[in-house]
Amino acid sequence: MSFVKNFVWGVATASYQIEGGAHEADKGLNVWDVGSATEGRIFEGHRGDVGCDHYHKFREDVALMKELGIKAYRFSINWARLLPEGVGKVSEDGKRFYGELLAALREAGIEPWVTLFHWDYPYALYLRGGWLNPESPKWFEEYARVVAELFGDSISHFILINEPQVFLGLGHSAGTHAPFLRLSDGEVMRAAHHVLLACGLGEKMLRKTCKHPIKVGTSQAYWPSIPDTPDDYRVAKQDTFACHRDFGSVNYYTDPLIFGTYPEEFRAWQEECGFSYPESDMEIIRSKIDFYGVNTYSGNRVREQNGKIITLTPTPATPKTDTRWNVYPDVMYYGPKFLFERYGLPIIYTENGVALSEWKDLNGEINDDCRIDFLKRYLREMFRASCEVPIYGYFYWTLYDNFEWAEGFSKKFGLVHFDPETLERTPKKSAAFYKKVIETNGEELFR
Ligand code: NOJ
């Protein structure tokens, strides 16, 4: 049993979580640089300034990926490293860094999948109102143009914006992620609308500027409702796309992008919050999306009871990861089916992985059998789904343990152990397993 030919096997990272080099050359600050330097924001005062020092060690990291058999690498560009003020002047050093990284990947035969924005918003633009400023979509469009002009030749796959659910929900509503705002729902809707306009303008700009055919997609935080029994399929799907009056749904963002309209239930919520916009915006937002990228880790089990949808409390026997996410492998089966039925687009798992509490043993090894078990369970379900709907790629989150946002370095998702004191990288047992999965195009999962 193996996946389709040319299935994309990769790993994913994000600039702020690994790069470090926060104050190198003329790099501008971003909201996470500022947030992680503020007391009380991050677990035990961890800082992202040095990160995994990828800024200095990227050649070593590319060599490591090659050794691990990785075929594709999803990473993000640190907007303020390239454009220190967010717009205007381009940094020579930023240009050099990403140019050299792309060249090293090309040489290693690793396909780059580039995310334009993975939460590290330029601080200079934040001071001008950030995503609340009506000019913000244009700023993103300019940034997309610069990336396409400088690096378009070496990139075939772009992801516009990573997980709007999280940087809007946690960053602009709950206030637990940078820029640590607690805006009213109506204001968050306004910021979200600007994010969508940015996606629409960015997508068109990338296609106009790149001189070769490119694929443009999304990366949504997708936490679907899972049917408790196969009979609950319909209600689970309904619940996945229902308006729960928060910013966590995928369809709030991708219906506008793909269909050019907000979902009806959400429009009623927008009205209640007094949020409105010119209808002509929707034509700007509507984009040609080539693949539906999802980041899936878990979901909620639901069932229909007396004509109502109820969310089930996990049983005490439900395995939990170190981030306390329930291990529900069948989320990888139902999730893509719901999406494909709604959008009809090929699906890429742009992220999936597991945080475990682990450390190097006395022999200097990390025998992370639970991660191997997690991969087997989740990817077998992904395979089941791929027999029914098109799934063309999988990116494990993440290459090495890194700066997990407000949790600092305390949550370890990596295939490779990272020591924040010595900066040493040590592949875990799961890295060798993933290598075999790639070599056998998935057959290893069933052995
Ligand atoms: C989603 C985010 O895109 C990534 O930055 C984060 O580290 C992982 N999931 C794990 O929480």
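Ligands are counted one by one from 1 in listed order, and the atoms in each one are counted from 1 as well. Computed from a prediction, not measured in an experiment: that's the story for all the values here. Heavy-atom basis, side chains included; hydrogens, waters and symmetry copies ignored.
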Atom 10 (C) of ligand 1 sits nearest the protein heavy atom E404 OE2, 3.3 Å

Verify, without hydrogens or angle tests, whether R182 (side chain) and T176 (backbone) share a donor-acceptor contact under 3.5 angstrom. no

Can you confirm if the NZ or CZ of R74 lies within 45° of the ring axis of F395 and under 6.0 Å from the centre of its six-membered ring? no

Ligand 1 to W397 polar contact by distance, N or O atoms, under 3.5 Å: yes

Please work out whether any backbone atom (N, CA, C, O) or any side-chain heavy atom from C-beta onward of T323 is under 4.0 Å from ligand 1, and answer side chain, backbone, both or neither. neither

Numbering the atoms of ligand 1 from 1, which are under 4.0 Å from a heavy atom of H118? 2 (C), 3 (O), 4 (C), 5 (O)

To which protein heavy atom is atom 9 (N) of ligand 1 closest, and what is the distance rounded to 0.1 Å? E351 OE1, 2.9 Å

Are the side chain of N251 and the backbone N or O of F241 linked by a donor-acceptor pair below 3.5 Å? yes

Just let me know how K411 lines up against ligand 1, side chain, backbone, both or neither, with a heavy-atom cut-off below 4.0 Å. neither

Is it the side chain, the backbone, both or neither of W325 that has a heavy atom closer than 4.0 Å to ligand 1? side chain

Give a yes/no verdict on a cation-pi contact between R81 and F97, requiring under 6.0 Å between NZ or CZ and the six-membered ring centre and an angle within 45° of the axis. yes

Any donor-acceptor pair under 3.5 Å from D368 side chain to S430 backbone: yes

Between the main-chain N or O of A12 and the side-chain N or O of T398, is there a donor-acceptor pair closer than 3.5 Å? yes

